Peer 1: 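Take a look at the following structure, please.
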Amino acid sequence: LNINDLEKAGLLVGRGIDRFRGRVIFPLTDHRENIVGFAGRILPWAMQDMAKYINSPDTPAYHKSHILYGMDITKSEIRDKKYAVIVEGELDMISSYQAGIRNVIAIKGSALTEDQLRLIARFCKKIVLCLDSDFAGDEATKRGAIMAVNMDFEVKVAHIKNYKDPDEAARGNPESYKKDIDEAASLWEFLINQIFSKYDSGTGSGKASISKEIIPLLRLIQDKIVQSFYIENVARKLSVPTEAVMTELQKINTTVKSESSFKNIVKKEKNRRELLEEKLLVNSVEKIDLIPVDLITSEFIKKIINYLSKNKFPLPKELEEGYAEMVLANSDNENVDLIIKELKTLQIKEKLEEIGKRIKKEEGNEDLLKEFSELSKKLSTL
């Protein structure tokens, strides 16, 4: 391999600096047993101001959202047992496997992705989440779990007792750890119980706090039979009539139109980027092909642009109402060049913020420092 190949593979940063220096390295393998990247955990005697964990950057071979660590080894066990135990990180997976849990795989971070779920679906349709993060408090984790339910997975959540993570549990008391997995609760049951555990359901203020959190959760259950079961369950726990819970749920359903999971139930004011993108669409609709689509983040606006680039008005019904609202909200003519300039400025600022965070984690990465400097110069010219 020459130095260009090593840089392309993400093994080097800056001028030939080893990205994984001072770390124990874990090869990251896809389910076909091809090594596609690496993860590194800092060694105890290495510099303590370095990030604890780092991974290969996205490369032509490695995409974090596609990989399930250990799947190449455990896929047969997963198929045989008809479910997968999902942990977070390489050490959790290795310790669990050594403890006798052979149908285990690990994700990077705490959130499942659609690509990972599609891969798991080839081998089973049941998963047990055994994560060391604050599951109930992590919105990305919950979104991934609910996505799995909506993709027809049976999803359960294990509560690890007496240990902070699967790695410690597997090494400290494997039998207790296995029991925790066997006793995993269904996703909805786990989330509902977590909400009830935070408040005193015997008081009026406690019931109000529970209701505020639990009604939006119940709304996310797409299967109406399952939803009805948990509505009755919640009503019983709160000692209120089922109709009371139904009424609150109906209020939410009439005020919230968006089907996206775990967004704020109260309709938020649009941020500056959203307003600018709408203004750009409304003021450029007659010259739709001239809109710089790379500046647009709204999937809804992209759908309108894509449709109008190939067809004429009227829009399909699923696009018509939202577009009409944009037109009414942006009835004044605006300078398109100024809108594009401000969107470019916002895009560069967002990129600078993202690179700034990466620089903190990947100390000494001269490529990132160079990119940050170039973007800063570009920003100053706008």
Side-chain angles (χ1 to χ4, degrees), residues 24-29 31 39-42 44 52-53 55 64 67-113 116-117 119-121 123-138 140-149 153-198:
V24 58
I25 299 176
F26 301 91
L28 302 177
T29 309
H31 67 289
R41 187 190 190 283
I42 196 166
K52 187 175 181 181
Y53 287 97
N55 304 296
K64 182 175 77 170
I67 297 299
L68 291 160
Y69 184 75
M71 176 66 90
D72 56 313
I73 297 170
T74 65
K75 59 189 178 185
S76 296
E77 289 282 348
I78 290 170
R79 184 186 283 114
D80 291 344
K81 293 192 175 180
K82 297 183 171 55
Y83 77 98
V85 176
I86 298 179
V87 296
E88 182 183 342
E90 295 82 18
L91 289 178
D92 285 350
M93 184 273 164
I94 292 169
S95 296
S96 299
Y97 189 86
Q98 289 176 333
I101 302 165
R102 300 301 173 91
N103 55 329
V104 62
I105 47 178
I107 55 178
K108 305 295 290 182
S110 58
L112 277 163
T113 68
Q116 288 169 336
L117 288 167
L119 176 56
I120 295 169
F123 305 98
C124 69
K125 292 295 285 186
K126 176 182 174 181
I127 57 178
V128 178
L129 299 174
C130 198
L131 308 174
D132 57 351
S133 60
D134 175 18
F135 184 97
D138 188 327
T141 303
K142 288 191 287 189
R143 280 196 297 271
I146 288 175
M147 185 198 309
V149 172
F153 278 89
E154 179 185 352
V155 181
K156 294 197 167 188
V157 183
H159 173 60
I160 304 174
K161 302 179 186 71
N162 305 318
Y163 295 95
K164 71 174 185 178
D165 57 36
D167 175 42
E168 277 196 3
R171 289 185 290 110
N173 192 334
E175 294 311 311
S176 175
Y177 177 37
K178 291 175 185 177
K179 186 178 179 183
D180 292 338
I181 293 172
D182 291 339
E183 295 176 351
S186 73
L187 174 65
W188 303 118
E189 182 182 345
F190 179 86
L191 292 174
I192 288 169
N193 288 341
Q194 285 290 309
I195 293 172
F196 270 90
S197 70
K198 291 159 60 178

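Predicted model only: the values in this text are computed from it and were never measured. Values below: all heavy atoms of this structure, side chains included; hydrogens, waters and symmetry mates excluded.
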Peer 1: For Ser95 and Ala170, work out which heavy atoms get closest and say how close.
Peer 2: O-CB, 3.5 Å
Peer 1: Any chance you could measure Cys124, atom SG, to Glu154, atom CD, to the nearest 0.5 Å?
Peer 2: 10.0 Å
Peer 1: Evaluate side-chain contact (heavy atoms from CB on, under 4.5 Å) for Ile120 paired with Met71, printing each intermediate quantity in order.
Peer 2: CA-CA 9 Å; Ile120 295 169; Met71 176 66 90; 4.2 Å; yes
Peer 1: Roughly how far apart are Ile107 CD1 and Thr141 OG1, rounded to 0.5 Å?
Peer 2: 7.0 Å
Peer 1: Taking Tyr83's backbone N and O only, do any of them form a donor-acceptor pair with Asn103's side chain (distance below 3.5 Å, no angle check)?
Peer 2: yes
Peer 1: With the side chain counted from C-beta on, respond yes when Leu28 and Tyr69 share a heavy-atom pair under 4.5 Å apart, and no when they do not.
Peer 2: yes
Peer 1: Is Lys108 paired with Glu90 through a side-chain N to carboxylate O contact shorter than 4.0 Å?
Peer 2: yes
Peer 1: Are Lys156 and Ile127 packed together at the side-chain level, in the sense that at least one heavy-atom pair is separated by less than 4.5 angstrom?
Peer 2: no
Peer 1: Checking Arg41 against Phe26: charged group under 6.0 Å from the ring centre and within 45 degrees of the axis?
Peer 2: no
Peer 1: Hey, could you give me each pair passing side-chain hydrogen bond (donor to acceptor under 3.5 Å, both in side chains) that has a residue in residues 171-186? Not counting sequence neighbours.
Peer 2: Ser96-Tyr177, Lys161-Asp180, Asp167-Arg171, Ser186-Tyr230
Peer 1: Could you tell me whether the side chain of Leu112 reaches within less than 4.5 Å of the side chain of Ile86, counting heavy atoms only?
Peer 2: yes
Peer 1: For Tyr97 and Ile73, work out which heavy atoms get closest and say how close.
Peer 2: OH-CG2, 3.8 Å
Peer 1: With a distance cut-off below 6.0 Å to the six-membered ring centre and an angular limit of 45° from the axis, does Lys75 pair with Phe123 as a cation-pi contact?
Peer 2: no
Peer 1: Looking only at heavy atoms, which two atoms of Ala148 and Val155 are closest? And how far apart?
Peer 2: CB-CG2, 3.7 Å
Peer 1: Between Ile160 and Glu168, is there a side-chain heavy-atom distance shorter than 4.5 Å?
Peer 2: no
Peer 1: Answer yes or no: does atom NZ of Lys82 have more than 12 heavy-atom neighbours from other residues, nucleotides or ligands under 6.0 Å?
Peer 2: no
Peer 1: What's the shortest heavy-atom distance between Met93 and Val87, and which atoms?
Peer 2: N-CG2, 3.6 Å
Peer 1: Determine the minimum heavy-atom distance between Gly70 and Ile105, stating which atoms define it.
Peer 2: C-CG2, 4.1 Å
Peer 1: Indicate yes or no: at least one non-hydrogen side-chain atom of Val157 is less than 4.5 angstrom from one of Val128.
Peer 2: no
Peer 1: Please name all residues satisfying side chain to side chain donor-acceptor pair (under 3.5 Å) with Lys126, sequence neighbours left out, ordered by chain then number.
Peer 2: none
Peer 1: Are any of the side-chain heavy atoms of His31 and Leu68 separated by less than 4.5 Å?
Peer 2: no
Peer 1: Would you call Phe196 and Leu191 a side-chain contact if the rule is heavy atoms closer than 4.5 Å?
Peer 2: no
Peer 1: Taking all non-hydrogen atoms of both residues, which atom of Leu129 and which atom of Ala145 are closest, and how far apart?
Peer 2: CD1-CB, 3.8 Å
Peer 1: Can you list the residues that meet the side chain to side chain donor-acceptor pair (under 3.5 Å) rule with Thr113, with sequence neighbours excluded?
Peer 2: Gln116
